[in-house]
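First comes the structure, then the notes that go with it.
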Amino acid sequence: VQLQASGGGLVQAGGSLRLSCAASGRTFDSYVMGWFRQASGKERVFVATISRAATVTDYAASVKGRFTISRDNAKNTVYLQMNSLKPEDTAVYFCAARSRAVTGMVLTTSPDYDLWGQGTQVTVSS
């Protein structure tokens, strides 16, 4: 299984971007999915997660109310709609998947995920 993230770019503060993460394979609907980000010189941190059937989502406090995670299991794709972007949102954004069985519906820490995409750069100018 491979994850391919796209949609990053340069945007002014207050603008919007939508990231996409396409997964190969035929078991996408069994994966808990997440987005993380890593700013230059900092650790990778949790952004958002979504359950297998998209019934449950969770967000980092810093993005709640501005970002929306969604998924289309028919297209093997998870999205991150980012609105009201701020310069502090500048980072490389990574999508992640939990392919192995897990009891939780959503997952908020990096070690919970076993598949990672290559990352897409988001830069927000002030």
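For clarity, every value in this text was computed on a predicted model and none was experimentally measured.
Under the side-chain contact (heavy atoms from CB on, under 4.5 Å) criterion, Ser30 pairs with Thr27, not counting sequence neighbours. Scored by the side-chain contact (heavy atoms from CB on, under 4.5 Å) test, Ser126 finds Pro87 as partners (sequence neighbours excluded). Under the rule for a side chain to side chain donor-acceptor pair (under 3.5 Å), Ser110 has no partner lying at least two apart in sequence or in another chain. Applying the side chain to side chain donor-acceptor pair (under 3.5 Å) criterion to Thr55, with sequence neighbours excluded, gives Ser51. Take Gln38 and apply the side-chain contact (heavy atoms from CB on, under 4.5 Å) test, not counting sequence neighbours, and it matches Arg44, Phe94. By the side-chain contact (heavy atoms from CB on, under 4.5 Å) test, Ser24 pairs with Val1, Gln2, sequence neighbours left out.
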Got a list of side-chain donor-acceptor pairs under 3.5 Å for residues 57-68, not counting sequence neighbours?
residue : atom : partner : partner atom : Å
Tyr59   : OH   : Ile69   : N            : 2.9
Arg66   : NH1  : Ser84   : O            : 2.9
Arg66   : NH1  : Asp89   : OD2          : 2.7
Arg66   : NH2  : Ser62   : O            : 2.9
Arg66   : NH2  : Asp89   : OD1          : 3.0
Arg66   : NH2  : Asp89   : OD2          : 3.4

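A donor-acceptor pair under 3.5 Å links the side-chain atoms of Asn73 to the main chain of Arg52, judged by distance alone.
Legend: disulfide bond (SG atoms under 2.5 Å apart) pairs involving residues 28-74, not counting sequence neighbours: none detected. Residue pairs meeting the ring pair (Phe, Tyr, Trp, His ring centres under 6.0 Å) criterion with at least one partner in residues 4-51, sequence neighbours excluded, are Phe36-Phe46, Phe36-Tyr113, Phe36-Trp116. Identified under the side chain to side chain donor-acceptor pair (under 3.5 Å) test for residues 93-102, with sequence neighbours left out: Arg37-Tyr93, Ser99-Asp114. Residue pairs meeting the side chain to side chain donor-acceptor pair (under 3.5 Å) criterion with at least one member in residues 3-16, sequence neighbours excluded: Ser16-Asn83. Pairs of residues two or more places apart, or lying in two chains, that qualify as disulfide bond (SG atoms under 2.5 Å apart) and include a residue from residues 15-95 are Cys21-Cys95.
Both Leu17 and Val124 are members of a single hydrophobic cluster when ILVMFWY side chains are connected at heavy-atom separations under 4.5 Å.
The structure places CG of Leu107 at 11.0 Å from CE of Met33, a figure rounded to the nearest 0.5 Å. In this structure, CG on Asp29 lies 7.5 Å from CZ on Arg71, to the nearest 0.5 angstrom.
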For this session: List the steps and the verdict of side chain to side chain contact (heavy atoms under 4.5 Å, CB included) for Val122 and Leu19.
Result: CA-CA 9 Å; Val122 172; Leu19 305 183; 4.0 Å; yes

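Nearest heavy atom pair, residue Ala23 against residue Leu3, reads CB-CD2, 3.5 Å. Met82 and Leu85 get closest at one heavy-atom pair: CB-CD2, 3.8 Å. Residues Ala48 and Leu80 come closest through the heavy atom pair CB-CD1, 4.1 Å. Counting all heavy atoms, side chain and backbone alike, Val106 lies closest to Val32 at CA-CG1, 4.0 Å.
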